[in-house]
2 protein chains.
Amino acid sequence: MAVIDTRILPTAADIEAAAHRIAGAAVRTPLINAPVLDERLGARVFLKAETLQRTGSFKFRGAYNKISAIAPERRAAGVVAYSSGNHAQGVAAAARLMGMRATIVMPADAPLLKRQRTAALGAEIVLYDREREDRAAIAKAIVAERGATLVPPYDDPLIVAGQGTIGREIVEDLAALGLAPDIVVVGASGGGLAAGVALGVKAKVPQAMFYTVEPEGFDDTLRSFKSGRREINPRLSGSICDALMSSTPGELTFPITRELIGQGLVATDDEVKRAVRYAFEELKLVVEPGGAIGLAALLAGKLEVKGRLVVAILSGGNVDADLFAKLIGG
Amino acid sequence: MAVIDTRILPTAADIEAAAHRIAGAAVRTPLINAPVLDERLGARVFLKAETLQRTGSFKFRGAYNKISAIAPERRAAGVVAYSSGNHAQGVAAAARLMGMRATIVMPADAPLLKRQRTAALGAEIVLYDREREDRAAIAKAIVAERGATLVPPYDDPLIVAGQGTIGREIVEDLAALGLAPDIVVVGASGGGLAAGVALGVKAKVPQAMFYTVEPEGFDDTLRSFKSGRREINPRLSGSICDALMSSTPGELTFPITRELIGQGLVATDDEVKRAVRYAFEELKLVVEPGGAIGLAALLAGKLEVKGRLVVAILSGGNVDADLFAKLIGG
């Protein structure tokens with residue numbers, strides 16, 4: 001494993017700068033409290049609804065923070081990204097707002113809705129086979145050929161700082177109510193969201209406890225916390241949480257999540273399905289499976305939260321209509 | 001028609017009092033801005049998400065404002081209400097919070113989810129035939145027998161004032177952004193929501209323009225605005241908007257909506273379906289048909305809104321899973 005250059009680790013000041021950069025472009029998403037959920041868990045629960053973010057997931061924040069920082073002379077060559085779908089849309093939307101060309105390398109099994117939405121945002125899409133091809137290599141080849149800028153999904157200080165604005169908003173909105181978070185649960189894949197939110201929250205509320213949540217069988221982050229090094233998932237596909245299938249924690253994000261979080265949970269596909277259905281029936285929110293994994297862990301009782309103030313991130317809502325119909329139907 | 005006693009018309013002061021009474025019990029719902037909708041309409045659009053209110057619709061506000069004002073010596077006898085579903089849940093939840101018994105007279109064809117959710121809130125349910133029986137008469141008989149308090153769906157100053165807190169919050173939240181509404185679109189059935197929101201908004205922003213929106217074929221409010229008297233719908237069932245099938249504007253609410261609104265729109269079932277689907281795909285919000293009718297009118301281009309600041313109320317999100325699956329599926 002490469003030695004991390006801690007000089008490039010994002011800081012609270014980078015999140016502050018990101019907040020100013022994305023203001024007006026990103027939605028300041030609401031922090032939702034639902035009495036029905038409070039009553040069920042015996043806790044005070046707040047949901048950061050990044051489902052309501054531009055492009056339907058948190059990914060727009062990091063993408064816009066990164067792309068708007070590209071030097072003017074490099075903008076004409078455009079940007080390139082690889083993503084199963086939400087980062088793709090975030091990059092496409094951010095590039096469009098900046099008047100730049102975007103090329104997205106997407107797995108051929110990505111949800112159709114995510115492909116369609118990415119294309120609708122004006123991006124060029126290059127498909128690859130998730131099991132056999134290396135998306136990073138494909139993206140790097142395009143970068144080399146065009147002189148374009150790569151927008152990584154998580155291993156970039158500007159991306160992490162962009163996602164970190166979520167943590168900053170959570171703390172601000174709770175403070176306006178005279179409150180502060182005791183516990184934060186956040187889905188983890190590459191770790192950009194988890195690292196960013198932990199940095200953003202702990203800058204102001206250092207005692208807040210964090211837990212990552214991962215799909216069962218894709219718990220590389222949890223195993224990495226335990227072993228102290230970046231573990232790899234045995235499989236690259238097969239979870240209902242299509243947004244949470246990175247094979248290993250990020251090189252940049254892992255030192256952050258290990259230090260600031262260090263503990264994790266898993267949720268099964270069935271637990272995630274129940275959370276998506278609960279969000280439909282009781283919360284009236286459309287949440288994609290990967291976006292509901294924190295809520296899933298809470299509803300499944302994976303964590304003792306009685307009497308505490310708990311925040312879960314609803315990280316995305318881009319789910320195909322036919323899958324959603326199945327999830328809420330039975 | 002009875003002569004209205006204008007001394008009992010709710011005022012801005014009653015809305016202020018209601019806001020204090022419901023604080024802590026009702027959710028202060030977010031006012032959501034979605035860039036994708038702004039871009040589509042060429043306007044600045046804010047959605048008041050009463051879908052995220054306790055019980056999944058705005059009805060809790062009025063019900064709690066009314067029920068919490070019942071004198072202590074009358075509480076033991078409980079409350080009675082008639083409703084197709086959303087008022088039922090609002091009354092059941094408010095009564096439960098006040099430790100009171102609730103009996104709800106519901107049409108036999110009310111959506112199953114609304115019946116189940118009302119029963120789950122501890123209310124007793126009495127079914128009636130929407131086409132052949134008089135729900136008000138059934139409710140009044142129970143009131144007479146038990147000495148219970150009737151909680152009307154709209155024709156009550158405390159109910160209207162409770163719904164009016166929505167208007168107050170809209171104005172406050174926009175003012176915090178340095179903004180004010182130009183146009184407000186609001187679904188109308190009995191007119192409690194429309195009257196309340198118009199009172200709440202116009203107390204602070206008298207120049208705001210209002211439009212009611214009704215299902216095609218159930219446009220009693222629009223026809224009443226034109227004729228100056230309370231018109232009656234020819235049919236009592238048959239719209240996809242199960243929440244918007246009152247037969248005529250309220251006796252108390254009509255003088256308010258006529259004076260403060262006075263103009264209305266209609267939306268077809270197809271336009272409403274498209275709005276529900278749009279809310280799922282683009283906004284990631286679960287909205288029931290009746291709750292989406294304001295959005296439907298905007299998406300269908302029923303109103304010139306270019307360059308204006310428009311607010312639509314998403315009044316409820318209680319929709320059966322199988323119907324919702326059909327609506328989003330194609």
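Small disclaimer: the values here were computed from a predicted structure and weren't measured. Quick note on labels: first sequence line is chain A, next is B, and so on, each numbered from 1.
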Considering all heavy atoms of both residues, which atom of B:Pro289 and which atom of B:Ile240 are nearest to each other, and what is their separation? CB-O, 3.4 Å
Which heavy-atom pair separates A:Ala88 from A:Ile104 by the least distance, and what is that distance? CB-CG2, 3.3 Å
What are the two closest heavy atoms between B:Ile293 and B:Pro215, and how far apart are they? CD1-N, 3.3 Å
State which residues pass ring pair (Phe, Tyr, Trp, His ring centres under 6.0 Å) with A:Phe46; sequence neighbours excluded, sorted by chain then number. none
B:Val27, part contacting chain A, at a heavy-atom distance under 4.5 Å: side chain
All heavy atoms of A:Ala25 vs all of A:Leu97, minimum pair found to be CB-CD1, 4.3 Å
Output all donor-acceptor pairs under 3.5 Å across chain B and chain A; consider backbone as well as side chains.
residue	atom	partner	partner atom	Å
B:Glu39	OE1	A:Arg96	NH2	3.3
B:Glu39	OE2	A:Arg54	NH1	3.1
B:Arg54	NH1	A:Glu39	OE2	3.1
B:Arg96	NH2	A:Glu39	OE1	3.3
B:Arg117	NH1	A:Glu281	O	3.0
B:Arg117	NH1	A:Glu282	OE1	3.3
B:Glu281	O	A:Arg117	NH1	3.1
B:Glu282	OE1	A:Arg117	NH1	3.3
B:Lys284	O	A:Val286	N	3.1
B:Lys284	NZ	A:Gly317	O	3.3
B:Lys284	NZ	A:Asn318	OD1	2.8
B:Val286	N	A:Lys284	O	3.1
B:Gly317	O	A:Lys284	NZ	3.3
B:Asn318	OD1	A:Lys284	NZ	2.8

A:Phe280 and A:Phe324 aromatic ring geometry - parallel, tilted or perpendicular at 30°/60° bounds: perpendicular
If one checks every heavy atom of B:Ile32 against chain A at 4.5 Å, the contacting part turns out to be side chain
Name the member of B:Val287, B:Leu31, B:Leu285 that forms the most heavy-atom pairs with chain A at distances under 4.5 Å. B:Leu285
Please report the shortest heavy-atom distance between B:Ile159 and B:Ala63, naming the atom on each side. CD1-N, 4.1 Å
